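As structure tokens, the structure follows; a few thoughts come after it.
Reminder, nothing fancy here: chain letters follow the sequence lines and each chain counts from 1. Atom set for the values below is all heavy atoms of this structure, side chains included, hydrogens, waters and symmetry mates excluded. Treat the numbers as computed from the prediction; the structure is a model and nothing was measured.
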2 protein chains.
Amino acid sequence: MITSFAGESKHFLDEKSRLSIPAKYRRWLTEEDAEYTFVVTKGADPCLIAYPAVEWDTFAEKLRNLSQFKKKNRAFIRTWSRNSIRLKCDKQGRILMPQRLLDFANIKKEVVIIGALNYLELWEQEMLKEHQESQIPLDDDYFEDLADIF
Amino acid sequence: MITSFAGESKHFLDEKSRLSIPAKYRRWLTEEDAEYTFVVTKGADPCLIAYPAVEWDTFAEKLRNLSQFKKKNRAFIRTWSRNSIRLKCDKQGRILMPQRLLDFANIKKEVVIIGALNYLELWEQEMLKEHQESQIPLDDDYFEDLADIF
DNA sequence: TATTATTGTGGGTAGATGTGGGGAGAAATC
DNA sequence: GATTTCTCCCCACATCTACCCACAATAATA
């Protein structure tokens, strides 16, 4: 069983657009992926998602089962793939963030890194705040549904 | 089966924000988790909750199965995990408390540690007192409902 | 009560971690 | 092929973490 990511911390992009991945998350990678590689992609919410490469590969494997004969499937796979990029940490544990992705999440210098189970979310602080505030609170129905699972 | 936590005791944060976990609770950890690791998170009440890491991991493992294509699932996972942090006891049995969490529970120096079944509650003394006083007393209806379970 | 063992608290310090920047080599462009 | 841009190594260093040791406080035992 892989230990789940948890926690939140604030980091800074340096002049070269490098982002330091907290050591605790890097360490959890080593068990399954000695390469310290993440796949960073645009999130469904206005943030970036960094999957450990093995997690992303698992997901990609599932996507293969989508039929190529459906136009929407092709569109989804295309969008998903082109927005994903495989990034390896340098010897100091940093990844070099492409400008295109930074722009998407509106990230300038400050980055809030949230450990969310089997992936990391990268947020610009203000975007996160706005997103959380505009979020419709989870209602009783949601938790009723959850209760069916747990 | 893990022995349940029980009891209450008062401890102090030191200058380095370290909190000594009572030996009796630490001991109960060893059975299942030789790492002496807790996951500390914000409570529903204005206190902090410390789960033995194995307890938290079991729940986290279930959460992983929630589909990320549902916005509410993402929101729930985000809120759940950003407030949680994995903390390992040092060789003297202390954990280093992040300021962010201390602020949430209004903890300065004194901490009341309450052992509650499979988790610990960490309270600032005055907050606990206020909370208990403002608490609506448990009524007969509540116990009637409980009777359905026991 | 006296003695011993365990636990809780304080603080110094080596090593780990995060951040910045120079520069060699690779890759892209002209 | 020459020039520019980019990537990633290296080193530097400030900060943080978690070890170690010391010893006080408490509990357990004779």
Compare the minimum distances between each of [options] and the side chain of [X], then state the nucleotide with the smallest one.
X       : options                   : result
K109(A) : dG20(C), dC10(D), dG12(C) : dG20(C)
P22(B)  : dG11(C), dG18(C), dG8(C)  : dG8(C)
L96(A)  : dC10(D), dG11(C), dT7(D)  : dT7(D)
A23(A)  : dG18(C), dT9(C), dG8(C)   : dG18(C)
K91(A)  : dG10(C), dC10(D), dG8(C)  : dC10(D)
R94(A)  : dT9(C), dG21(C), dG18(C)  : dG21(C)
D90(A)  : dC8(D), dC20(D), dT19(C)  : dC8(D)
R27(A)  : dT9(C), dT17(C), dC19(D)  : dT17(C)
E15(B)  : dG11(C), dG10(C), dG18(C) : dG11(C)

ask   = Just checking, is any N or O donor in the side chain of W123(B) or E121(B) under 3.5 Å from an acceptor N or O on the other one?
value =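 E121(B) and W123(B) do have a side-chain donor-acceptor pair below 3.5 Å.
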Between R86(A) and T37(A), a side-chain donor and acceptor under 3.5 Å =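 There is no such pair between these side chains.
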Do the side-chain N or O atoms of [X] get closer than 4.0 angstrom to the phosphate oxygens (OP1, OP2) of [N]?
X      : N       : result
H11(B) : dT7(C)  : no
R26(B) : dT6(C)  : no
R18(B) : dC16(D) : no

ask   = Looking at side-chain heavy atoms only, is the closest gap between L87(B) and P98(B) below 4.5 Å?
value =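 In short, these two side chains touch, coming nearer than 4.5 Å.
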query = What do the steps show when you test V40(B) against I95(B) for side-chain contact (heavy atoms from CB on, under 4.5 Å), and what is the final call?
reply = CA-CA 10 Å; V40(B) 179; I95(B) 54 181; 4.2 Å; yes
message = Less than 6.0 angstrom separating the ring centers of F59(B) and W80(B), yes or no?
response =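 Yes, ring centres under 6.0 Å apart.
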Given atom [atom1] of [X] and atom [atom2] of [N], what is their separation to the nearest angstrom?
X      : N       : atom1 : atom2 : answer
F12(A) : dA14(D) : CZ    : P     : 18 Å
Q92(A) : dA14(D) : CD    : P     : 17 Å
L87(A) : dC8(D)  : CG    : C1'   : 13 Å
K24(B) : dT6(C)  : NZ    : C1'   : 15 Å
Y36(B) : dA18(D) : OH    : P     : 17 Å
K10(A) : dC16(D) : NZ    : P     : 14 Å
Y25(A) : dG18(C) : OH    : P     : 11 Å

key: Base of dG12(C) paired with side chain of K16(B) (donor-acceptor, under 3.5 Å)   =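 Yes, the side chain and the base share a sub-3.5 Å donor-acceptor pair.
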